[in-house]
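Scroll down for the structure; my scribbles are underneath it.
Atom set for the values below is all heavy atoms of this structure, side chains included, hydrogens, waters and symmetry mates excluded. Source: prediction; values computed, not measured.
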Amino acid sequence: MFYLGVDDFDAVHDRIAARAQIVKDSETDHTGQRMFYFQDPDGYIVGINDKKTPPSAPRRSAA
């Protein structure tokens with residue numbers, strides 16, 4: 001499984017939905033992060049998440 005963070009979540013979702021099978025449509029997890037999953041032509045499941053940090057989520061500091 002692969003995960004990709006994107007800047008324009010809605011545009012990426014619409015573009016992928018027009019070309020691939022969405023296996024789990026858009027949802028928001030317990031941290032407020034939006035994500036969805038699709039299957040690529042080789043059968044791999046790819047997760048897409050919004051790179052924007054939800055306002056309520058703690059931010060990671062650079063170590």
With rounding to the nearest 0.5 Å, note down the distance linking NZ in K52 to CG in D8. 6.5 Å
May I ask whether M35 and V46 are part of the same hydrophobic cluster, defined by side-chain heavy atoms of I, L, V, M, F, W, Y residues being less than 4.5 angstrom apart, directly or through others? no
In this structure, OH of Y37 is separated from CD1 of I22 (nearest 0.5 Å) by 12.0 Å
Min side-chain heavy-atom separation S26-H13 under 4.5 Å: yes
Can you confirm whether V6 sits close enough to N49 that some side-chain heavy atom of one is under 4.5 Å from a side-chain heavy atom of the other? no
Would you indicate whether the side-chain heavy atoms of E27 and R34 approach each other to under 4.5 Å? no
Are the side chain of D40 and the backbone N or O of D42 linked by a donor-acceptor pair below 3.5 Å? yes
D25 side, atom CG; F38 side, atom CZ - distance, nearest 0.5 Å: 13.0 Å
Contact between Y3 and I48 at the side-chain level, heavy atoms closer than 4.5 Å - yes or no? no
For a 4.5 angstrom cut-off between non-hydrogen side-chain atoms, does V23 reach I45? yes
